[in-house]
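Working notes, beginning with the structure itself.
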Number of protein chains: 2
Amino acid sequence: MSKPDATQTETPKRKRLPSSERRQDFINKAIEFFAEEGFESSTRGLAKKLGVTQPLLYRYFPSKDDLISEVYDAVYVNRWLPEWEPLLRDRARPLSERLNTFYNLYTDVIFNREWMRIYLFSGLKGVDINRRYMQLVRQRILEPILIEARTEFGLPDEPTRDCEVEFAWVMHGGIFYYGVRDLIYDSVISNDKERVISDAIVAFMAGLEIKLRRDPPSKGEPQTV
Amino acid sequence: MSKPDATQTETPKRKRLPSSERRQDFINKAIEFFAEEGFESSTRGLAKKLGVTQPLLYRYFPSKDDLISEVYDAVYVNRWLPEWEPLLRDRARPLSERLNTFYNLYTDVIFNREWMRIYLFSGLKGVDINRRYMQLVRQRILEPILIEARTEFGLPDEPTRDCEVEFAWVMHGGIFYYGVRDLIYDSVISNDKERVISDAIVAFMAGLEIKLRRDPPSKGEPQTV
DNA sequence: TATTTAATTTGTCATTCGATAAATAAGGAA
DNA sequence: TTCCTTATTTATCGAATGACAAATTAAATA
C-alpha cells in the first residue's frame, strides 16, 4: 500500500545466500513446484514460490530444461537406496519376509506426492530417464526376486524368462498403483499399506509357484534374448 | 511460393461440413491431439492438425476447457461397454474364465495410447472425472468380482471388506500398469497380453482364497462403512 | 439466377512465456 | 572507510497463448 515505515519490521531483509546453498534450495523447491503444477508451468511461478525474481533462476541454470534435468536426478537417482538390493538377496530370511521388508521400505520412499507426480509427468513427456529407471527396477529388483524365488521353491537355477519378469512387474505395478490411487487420485479406502503389500506378496508367491511348476522353463519354449 | 495456377489441382478445395459432423470430427481429432501433446498444448496446434483456423474452434466450443470436457466424456463415458458387467456375473462359467474374458475385452478398449494418455493427463490435472471413473471400476467391476469369488469358493455371502477391494485393485492395477509400461513407457518385453492377464488372474484367485480363508470376514474386525 | 444463411477466415488484443542485458546492492577484502 | 566481487533486481524483447469481432465465402433457399 504505502511506503514501508520503520515500524514495519516484517521487511523480508532478503538474504544473500552463497551460490551452492541457493542452488540446492532452488532444486528442492523446484521439485515441489513442478510436481504440483507440471513441467509446463512457468519459471515465473517457480520464482514466486522461491521468493526471488525470475531472471535469477538463469544465473543458476542455463535454461528451464537444465533445471528440470536436475530435478529428475534429484528424484530418480538420489533417492534410490543401495541397501535395497542386498536385502533382497539375504537368504538367511524367507523370501516373502524379505519381500515384505523391501516393499515397505521402497514404498516409504516413492509413496509421496512429489515422487509420484514427477514420475508420471516425466513419463508422459517421454524423457528417457523413465525408461532407464524401469530398467533399473527390472534388473536390480525384479530379476533378483525371480532368482531368489526359484531357490525358495527348490527349483533349479535358470535364466529368468520374459513372462516371469512380466509377472513380477504385475505385482510391482499393482503395489505401485496403490500409491497412485492414494496420492494422485485420492481414492484409497484402506490406508493399511502394510496389509496391502502383504496380501500382494502372498498372491505373487502363490501365483509364481503355480506358474513355475505348471510350465517349467526347461520344458517350455526357449527364451529369445 | 507463387500464386496457384490451374495445373495445381492439389488445392484442398476446403470442404464446408455441416455443424454436427464437423463438431464430432473436432472432438475425435482433439482426443488424438491432446492425448499426444497434453492438455496444455495450444488450440492453434489443434487447429493446424484439423486443417482449419484456430478461431473456428470457438464456433463449436465456448472455450478450450469446454472442448476438453467433451474429450473426457468421449473417452471415459462412451467407451465403457455395458456388456462387461453381466459377463462377470454369469455363473454358468467358472470365475477365472469370466475374469480372463473380461480383462481381455476390457484391455482391448483401454490399452491404446490415446486412452492411456488421456487418463494419465487428466489424473494429474486432478479433474474429478477420474475419481468418478475409479468409483465406477470399483462398484461395477471389482466388488462384483469379490462377490462372485466368495460364491466360487463356497463361502457365505458377506459384504466385501475394504481390504478385499484393495486386493482386487492391486490385481486390476497390475494389469493396468502392464498397459502403461507398454503404451506410455514403451518398455514391455513380452507382448503376450493374454498370458500376462491369465497369470495375473491365477495369482489373484490363489491369493484371494488364501486371504479369505486365513482371516474370514465374519471373525475379523467389523467393517467400518 | 438472386438472396439468405451459416461455415470459415482474417485481423487483432491483452497476457504470458522463456530468455537476455543492464542496473543495483549486499557483503567481504583492502 | 573504500573497493571489488557477485548475488539479485529492473526492464525489456520476441514469440506464443486464449479469445473475440468483423470480413469473407460456400452452400442452401427462393
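Every chain is numbered from 1, with letters handed out A, B, ... down the list of sequences.
Checking C/dT20, D/dA7, C/dT9 against the side-chain heavy atoms of A/Tyr60 singles out D/dA7 as nearest. Distances from the side chain of A/Gln54 to the nucleotides C/dG11, D/dT9, C/dG18 place C/dG18 closest. Set against C/dT9, D/dT8, C/dA21, the side chain of B/Leu56 has C/dT9 as its closest nucleotide. When distances are taken from the side chain of B/Arg22 to each of D/dC20, C/dA19, C/dT8, the shortest belongs to C/dT8. Listed nucleotides C/dA7, C/dT9, D/dA19 differ in distance to B/Arg59; the shortest reach to its side chain belongs to C/dA7.
Using a 4.0 Å cut-off between charged side-chain N and carboxylate O, A/Arg195 and B/Asp162 make no salt bridge.
DNA chain C is contacted by A/Ser41, A/Ser42, A/Thr43, A/Arg44 of residues 28-45 of chain A, taking any non-hydrogen atom closer than 4.0 Å.
For the 3.5 Å distance criterion, the side chains of B/Thr101 and B/Arg93 qualify, holding a donor opposite an acceptor. For the 3.5 Å distance criterion, the side chains of B/Thr107 and B/Tyr178 fail to qualify, holding no donor opposite an acceptor.
For residues 29-43 of chain B, the side chain to side chain donor-acceptor pair (under 3.5 Å) pairs, not counting sequence neighbours, are B/Glu32-B/Lys49, B/Glu36-B/Arg113, B/Thr43-B/Gln54.
Phosphate contact (OP1/OP2 of C/dA19, side-chain N/O of A/Tyr58, threshold under 4.0 Å): present.
Ring centers of B/His172 and B/Phe204: at least 6.0 Å apart, outside the cut-off. A/Tyr177 and B/Phe176 have their aromatic ring centers within a separation under 6.0 angstrom. Checked against the 6.0 Å centroid criterion, the rings of B/Tyr133 and B/Tyr72 do not qualify as a close aromatic pair.
Residues A/Ile68 and A/Phe61 fail the side-chain proximity criterion, which asks for heavy atoms closer than 4.5 Å.
For the helix from C/dT1-D/dA30 to C/dA30-D/dT1, the end axes, each set by the C1' atoms of five terminal pairs, are bent relative to each other by 10° (nearest 10°).
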